[in-house]
Amino acid sequence: MRVAYVHILPLEYYPPATNSLEIMSQRPEWTVRAWSSPNHRGLPTWTHPRVAVTRHVYTQNKLSAVQRLLGYLLWHLRTAGELAAFKPDVIISIEPHSAIAIWMYFNVFRCAARLFIHHHELYVPEDFEAAGMRLVRIAARLEKNDLFSRAEWISETNRDRLNLLAVNAGIDPDKGRVLPNYPQLEWIQRAATRTPSHSDRVRIIYLGSASLEHSFIEEFAHWIAVHPDVLSLDVIGNNIAEDAWAALEKIGASNISLNSHGISYHRLPETLGSYDIGVILYRGLTKNFVYNVPNKAIEYLAAGLDVWYPVQMLSMKTFAEESPHLPLVRLDFANLPAAAPQRIGSADSNIILSFSAEAALEPMIEQIESGHK
């Protein structure tokens, strides 16, 4: 069975995408091929011996608007043509950004395939009105008006996001699925082997993207800085805005360290285990962040860390209520307590997580295989 995975945004930015490809590649009768683009953050290029990955360049910052438009359209046209030559039995389309190529495949090249659609993020109508979203707005319209009706599976990462997607796009409820972002079992097993920090301070880590506008990174760092004897913070990420780095450097606290290079996803299990707490700092300015259970939360938990998250993140609150045995702590990062706690939460390194990418992906794999003649 030939399976095409179309993911225009760089695969390296989305560990759930590479996790899915690695798991699908293990199906002995599947031939898996992926379409994506090169990453521009200096991350190691993801490869796999059983997944052929085609990467077409579609944009660069130095190009003019017209050149970017032509590059974007050429990416979709080339990908659609290569899909037609590949003759997939199944196409898995990731994010509305990829939809133009899929639309061309069906409507320009007049080819057939079973269609599965997954969104890593939540996009609501007002998101497509933002600057720089003109082409994605066109892609989302094609997805809504044509591809959703063709698809037999349409998934989001949690129930809140799926409900909002269904309301905004008029999706048939029978097609809606939840496909959460979880690490692979092997990753979880490695992360479960903790290496205690033996530090006099409570060691806190922040991973991922951040900016002053969209996160509480500056407020949190100021709070950490006034408790140098009991708290430390490591900020690690290759997608943190320059204004955030500048603010953190200006604070200049001895108990805050900065790493702008990031850490390879496959090195994270061993890295996370030496910390006590992982923080999530999104302000929740968009529904995408309000209704989000970040994969970083699951990764922190897998390594035995407590997780602190903002009151603005409603889907995290739901997740915490549904999983009362997990050390998830809801905080108001705009009004943190004056006194530094020795520890908030009740992390237990013996917690065995039931969340794995293999279990999350199994319903999609079963549906693909059950419909294959």
Side-chain angles (χ1 to χ4, degrees), residues 15-16 157 180-184 187-199 201-210 214-221 223-224 227 230-240 244 248 255-260 262-284 289 292-313 315-317 319-320 323-333 336 340-353 355-356:
T157 59
N181 291 339
Y182 295 154
Q184 292 187 63
W187 197 103
I188 294 171
Q189 290 163 354
R190 286 166 51 210
T193 305
R194 283 179 57 82
T195 303
S197 65
H198 301 299
S199 172
R201 297 167 170 167
V202 174
R203 297 197 67 201
I204 303 172
I205 184 171
Y206 178 80
L207 282 173
S209 60
H214 291 281
S215 77
F216 291 106
I217 188 72
E218 184 176 23
E219 293 90 335
F220 189 62
W223 183 75
I224 292 288
H227 301 291
V230 293
L231 300 175
S232 70
L233 171 65
D234 288 359
V235 179
I236 302 173
N238 53 35
N239 192 30
I240 292 178
L248 295 174
N255 58 334
I256 298 176
S257 70
L258 310 178
N259 176 352
S260 61
I263 295 176
S264 164
Y265 180 73
H266 291 286
R267 286 180 49 213
L268 277 181
E270 290 74 22
T271 302
L272 289 175
S274 62
Y275 291 90
D276 303 301
I277 294 165
V279 289
I280 299 166
L281 298 172
Y282 300 130
R283 289 184 184 273
F289 289 111
N292 187 18
V293 179
N295 50 304
K296 286 293 176 286
I298 306 300
E299 292 156 10
Y300 291 150
L301 291 168
L305 279 63
D306 293 16
V307 176
W308 295 358
Y309 68 94
V311 296
Q312 290 84 356
M313 297 184 70
S315 287
M316 276 297 299
K317 179 175 181 288
F319 178 62
S323 309
H325 62 292
L326 296 178
L328 296 158
V329 180
R330 189 169 179 244
L331 293 174
D332 183 352
F333 284 96
L336 288 162
Q342 292 299 309
R343 191 65 178 271
I344 295 179
S346 55
D348 180 357
S349 60
N350 295 317
I351 288 174
I352 300 175
L353 287 173
F355 314 111
S356 73

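Since the structure is predicted, the reported quantities are computational estimates derived from the model, not experimental observations.
- Qualifying side-chain hydrogen bond (donor to acceptor under 3.5 Å, both in side chains) partners for Ser315, counting only residues two or more places apart in sequence or in other chains: Asp160.
- Under the rule for a side-chain hydrogen bond (donor to acceptor under 3.5 Å, both in side chains), the partners of Ser257 that lie at least two apart in sequence or sit in another chain are Asp234.
- The two residues Ser232 and Arg201 come nearest to each other via the heavy atoms CB-CD, 3.8 Å.
- Nearest heavy atoms, Ala244 versus Ala210: CB-O, 4.2 Å.
- In this structure, Asn255 contributes its side chain and Ile224 its backbone to a donor-acceptor pair below 3.5 Å.
- Between the CD atom of Glu218 and the CG atom of Leu281 there is a distance of 12.0 Å, given to the nearest 0.5 Å.
- Residues that satisfy the side chain to side chain contact (heavy atoms under 4.5 Å, CB included) test with Ser209, not counting sequence neighbours, are Asn239, Tyr282.
- For Asn238, the side chain to side chain contact (heavy atoms under 4.5 Å, CB included) test picks out Arg41, Leu43, with sequence neighbours left out.
- Using bins of under 30°, 30° to 60° and over 60° for the plane-to-plane angle, the ring pair Phe289/His214 lands in the tilted bin.
- For Asn292, the side-chain hydrogen bond (donor to acceptor under 3.5 Å, both in side chains) partners are Arg161, not counting sequence neighbours.
- Between Asn295 atom CG and Tyr265 atom OH the span is 6.5 Å, to the nearest 0.5 Å.
- Scanning for salt bridge (Lys or Arg N to Asp or Glu O under 4.0 Å) contacts around Arg283 gives Glu219, with sequence neighbours left out.
- Evaluation of the side chain to side chain contact (heavy atoms under 4.5 Å, CB included) rule for Ser323 yields Phe319, His325, Leu326, Phe355 as partners, not counting sequence neighbours.
- The CG atom of Asn181 lies 9.0 Å from the CD atom of Glu299; values are rounded to the nearest 0.5 Å.
- Applying the side-chain hydrogen bond (donor to acceptor under 3.5 Å, both in side chains) criterion to Gln189, with sequence neighbours excluded, gives no partner residue.
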For Leu272 and Leu207: C-alpha separation, side-chain torsions, deciding distance, then whether side-chain contact (heavy atoms from CB on, under 4.5 Å) applies.
CA-CA 10 Å; Leu272 289 175; Leu207 282 173; 3.7 Å; yes
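- Distance check: Ile205 CD1 to Ile263 CD1 gives 5.5 Å after rounding to the nearest 0.5 Å.
- Of all heavy-atom pairs between Leu328 and Ala320, the closest is CD1-CA, 3.6 Å.
- Not one N or O on the side chain of Trp187 forms a donor-acceptor pair closer than 3.5 Å with the backbone of Leu268.
- Ile236 CD1 to Tyr206 OH: the interatomic distance, rounded to the nearest 0.5 Å, is 12.0 Å.
- Aromatic rings of Trp223 and Phe333 (six-membered ring for Trp) have centroids beyond the 6.0 Å cut-off, not under it.
- Nearest heavy-atom pair, Val235 versus Ile240, reported as atom, atom and distance to 0.1 Å: CG1-CD1, 3.6 Å.
- A donor-acceptor pair under 3.5 Å is absent between the side-chain atoms of Arg330 and the main chain of Met316, judged by distance alone.
- Once rounded to the nearest 0.5 Å, the distance linking OH of Tyr182 with CD1 of Ile298 reads 5.5 Å.
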